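Let me begin by presenting the structure, written as structure tokens, before commenting on it.
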There are 2 protein chains.
Amino acid sequence: MQPTIYDVAKKAGVSIATVSKVINNNGRIGKETRKKVLKIMEELNYQPSVLASALTGKRTETIGVLIPDLTNPFFAEITASMEERAHERGFSVVICSTKDSEEKEAKYISLLLRKKVDGCILASRFKQVGLIENMVKQGIPVALTSQDIPALNLNTVSVDDYKGGYKATAYLGSLGHKKIAMIAEKNVRSSHERIKGYVDAMIEMDLPFDDTLIREVEPTVTGGEQATEELLSLKEPPTAIFAGNEILAIGVSRAARSFQLDIPNDFSVIGFDNTLLATICDPPLTTIAQPIEQIGKQIVDILISEINGELGNKQRIMLPPELVIRKSTKELSIGKRLDEG
Amino acid sequence: MQPTIYDVAKKAGVSIATVSKVINNNGRIGKETRKKVLKIMEELNYQPSVLASALTGKRTETIGVLIPDLTNPFFAEITASMEERAHERGFSVVICSTKDSEEKEAKYISLLLRKKVDGCILASRFKQVGLIENMVKQGIPVALTSQDIPALNLNTVSVDDYKGGYKATAYLGSLGHKKIAMIAEKNVRSSHERIKGYVDAMIEMDLPFDDTLIREVEPTVTGGEQATEELLSLKEPPTAIFAGNEILAIGVSRAARSFQLDIPNDFSVIGFDNTLLATICDPPLTTIAQPIEQIGKQIVDILISEINGELGNKQRIMLPPELVIRKSTKELSIGKRLDEG
DNA sequence: GTGAAAGCGCTAACAG
DNA sequence: CTGTTAGCGCTTTCAC
């Protein structure tokens with residue numbers, strides 16, 4: 001159906017070797033010959049088969065990307081960034097949503113192996129370290145993003161979650177808030193780091209806190225909502241909450257509103273990630289921005305470097321998070337401060 | 001690096017033909033032999049190369065998906081649904097974001113052709129009909145979603161945009177709103193259909209309207225915001241707006257609020273799509289739901305049927321949209337009705 | 001039941 | 001400069 005190199009060769013009256021050379025722009029080819037071959041390729045709308053090419057030892061120009069869930073704006077955005085960069089670099093990406101299922105992780109890794117992808121990016125929350133080791137052993141380049149597995153020596157690009165947690169909390173403190181709570185996603189390494197940042201900032205600011213102020217929940221709107229309701233029902237409720245991501249932050253806002261609290265006048269919320277959601281919700285969220293674009297771009301670049309064998313030793317890059325101030329945070333009003341006296 | 005069929009054959013003491021047969025579960029193979037080969041494959045962690053297999057005429061088990069933009073929740077959600085279904089059916093997907101660029105459309109189509117994908121899904125806003133015809137001519141199965149190109153006889157799954165527009169408008173009317181405006185996305189076929197639905201509903205309800213009540217804008221929050229500001233500045237401003245999608249609807253809400261209008265008490269908004277955004281914004285949006293899951297699933301199923309040659313003639317499926325009532329719409333208050341006399 | 005061998009479309013020496 | 005040829009890893013007749 002689709003023309004092959006033979007069709008081009010025959011029609012151009014040359015050998016397939018010659019055609020191959022003009023395709024790959026190598027070897028010495030006469031100017032006229034090249035022009036003729038090019039013309040025929042055009043006429044036939046010939047597209048060289050990446051399959052056949054890869055079979056002879058070249059690359060498939062494909063990288064596999066495993067993410068937990070495309071419908072989560074954070075992953076959608078980072079995937080978009082990886083996809084864009086990969087295409088710029090001549091690679092395409094095959095996306096696999098693991099849904100946090102170990103079964104799917106295994107299935108997709110095997111799938112990617114069979115398809116002979118040139119490399120793999122595991123974005124966040126990949127569970128089975130053994131599978132990763134297996135790939136590495138088979139010689140396929142692997143890179144991690146938004147998660148670090150210190151036990152493995154792998155290329156990694158992630159944001160400094162600890163610093164992000166610290167910054168968020170410190171900012172709330174700088175606004176005069178004393179009672180600051182944190183709602184974090186459960187069972188995720190990066191979330192633990194954010195909590196550590198929160199804790200250290202609280203200690204450093206000499207602000208009292210205890211376990212009741214730290215909630216680990218499912219990363220859903222209702223998760224954030226319920227935790228907030230509980231927190232606001234405390235005898236001494238927090239005046240500000242640091243939410244570990246923006247889905248949670250939206251839950252926080254919703255609960256606060258149901259308690260008749262005006263954001264940011266009565267109550268402040270800060271999120272984490274800086275996805276579309278932060279700009280879209282009302283009021284727009286103050287948040288700790290991850291450089292999503294840059295993370296995606298850089299992880300792809302590093303993976304491709306490794307594929308090209310250009311990498312000496314593994315890269316471990318930690319990008320700084322940044323505070324983005326919008327409308328969901330405000331100085332604690334004098335009245336409130338006096339209340340807390 | 002990775003083991004091949006030869007490695008397995010040698011270690012198992014059989015020929016590669018035999019191994020091939022056990023892989024594909026065809027031909028007659030002795031029970032013992034099969035067991036032994038299977039065991040060796042396991043030991044070697046052998047993954048048959050899809051490349052080599054495809055080169056002999058089998059499928060690549062890959063489908064290409066072209067969408068405008070992954071960071072748009074609607075496309076992210078539909079992509080997620082397609083990806084999930086494709087994997088269930090044994091296919092993987094390579095994602096290409098066209099960013100509405102004709103250059104990228106052409107580049108990605110060519111890429112997918114070179115990779116020998118088994119088929120292609122074009123999701124919305126694909127511009128160059130010629131490119132599609134080309135693929136079809138080369139024998140590549142193509143399916144369309146969220147867009148119909150009546151000139152081409154292609155498999156299509158989309159929502160009934162006309163009916164959706166009609167329903168949205170009729171619902172607003174049923175709430176007592178008389179002055180209903182529409183803000184739609186520019187230059188998109190499906191958007192035009194939604195407008196038609198709006199117009200027909202207005203006429204049928206005998207509600208007055210003219211061109212000033214219909215705005216076509218860029219599909220951004222600010223697009224929706226500005227249009228709404230203009231509409232609300234009219235001598236007789238609308239009491240309800242039908243937004244062509246949820247990004248626009250969020251812009252509408254924002255502008256309404258800046259006009260000191262309370263949603264839904266003073267002002268109603270209805271959106272279209274029913275993405276995450278509708279549930280997340282405040283108040284949650286009443287909207288016309290597209291069956292996103294189903295669209296994604298069905299388009300994949302149809303494409304695979306065509307790949308398998310199981311399809312007699314092309315399918316053109318139009319799914320019904322559904323009204324989802326949330327908190328952004330409300331009966332027009334008596335006061336307002338009297339005002340309007 | 002099993003294996004030998006041709007061929008899928010292309011690349012990479014190696015000749016000429 | 002251009003062509004011949006031997007694979008790449010696998011499938012598929014066709015013999016045995």
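None of these values were measured; they are calculated from a predicted model. Every chain is numbered from 1 and lettered A, B, ... according to where its sequence line falls, protein lines coming before strand lines.
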Query raised in the report: Less than 4.0 Å between a side-chain N and a carboxylate O, is that true for E84(A) and K297(A)?
Result: no
Query raised in the report: Got a salt bridge between D148(B) and R189(B), using NZ or NE/NH1/NH2 to carboxylate O under 4.0 Å?
Result: no
Can you pull every protein N or O that's under 3.5 Å from an N or O on nucleotides 6-10 of chain C?
unit_1: dC8(C); atom_1: O2; unit_2: L55(B); atom_2: O; d: 3.4
unit_1: dG9(C); atom_1: N2; unit_2: A52(A); atom_2: O; d: 3.3
unit_1: dC10(C); atom_1: OP1; unit_2: Y46(A); atom_2: OH; d: 2.4
unit_1: dC10(C); atom_1: OP1; unit_2: S49(A); atom_2: N; d: 3.0
unit_1: dC10(C); atom_1: OP2; unit_2: I5(A); atom_2: N; d: 2.2
unit_1: dC10(C); atom_1: OP2; unit_2: Y46(A); atom_2: OH; d: 3.4
unit_1: dC10(C); atom_1: N4; unit_2: Y6(A); atom_2: OH; d: 3.3

Requested in this report: Just call it for V19(B): base, sugar-phosphate, or nothing, with non-hydrogen atoms closer than 4.0 Å on any strand.
Outcome: nothing
Query raised in the report: Is E185(A) salt-bridged to R125(A), cutoff N-O under 4.0 Å?
Result: yes
Requested in this report: State which residue, out of T79(B), V65(B), I95(B), fulfils the side chain to side chain contact (heavy atoms under 4.5 Å, CB included) condition with I95(A).
Outcome: I95(B)
Query raised in the report: Roughly, in whole Å, what's the span from CZ in R28(A) to P in dA13(C)?
Result: 16 Å
Query - Spacing between R59(A) atom CZ and dC8(D) atom C1', to the nearest angstrom - result: 17 Å
Query raised in the report: Rounding to a whole Å, what distance do you find between K58(B):NZ and dT13(D):C1'?
Result: 14 Å
Requested in this report: Could you state the atom-to-atom distance from CG of N26(A) to C1' of dA13(C) in whole Å?
Outcome: 12 Å
Report task. Send over the distance from K36(B) NZ to dG1(C) P, rounded to a whole Å. Result -> 15 Å
Query raised in the report: Contact class for K21(A) (heavy atom, under 4.0 Å): base, sugar-phosphate, or nothing?
Result: base
Query raised in the report: Any salt bridge between R89(B) and D301(B), counting N to O under 4.0 Å?
Result: yes
Report summary line: K115(A) atom NZ is separated from dC10(D) atom P, nearest whole Å, by 15 Å
**Report entry** Gap between atoms NZ and P, on K35(B) and dT2(C) respectively (whole Å)
**Finding:** 14 Å
**Report entry** Phosphate contact (dT2(D) OP1 or OP2) by T33(A) side-chain N/O below 4.0 Å
**Finding:** yes
Query - Candidates I40(B), I5(B), D7(B) - the one meeting side chain to side chain contact (heavy atoms under 4.5 Å, CB included) with V19(B) - result: I5(B)
Query raised in the report: Looking at K137(B) and E133(B), does any basic side-chain N land under 4.0 Å from a carboxylate oxygen?
Result: no
Report summary line: Rounded to whole Å, the NZ-P distance (K10(B) to dG9(D)) equals 12 Å
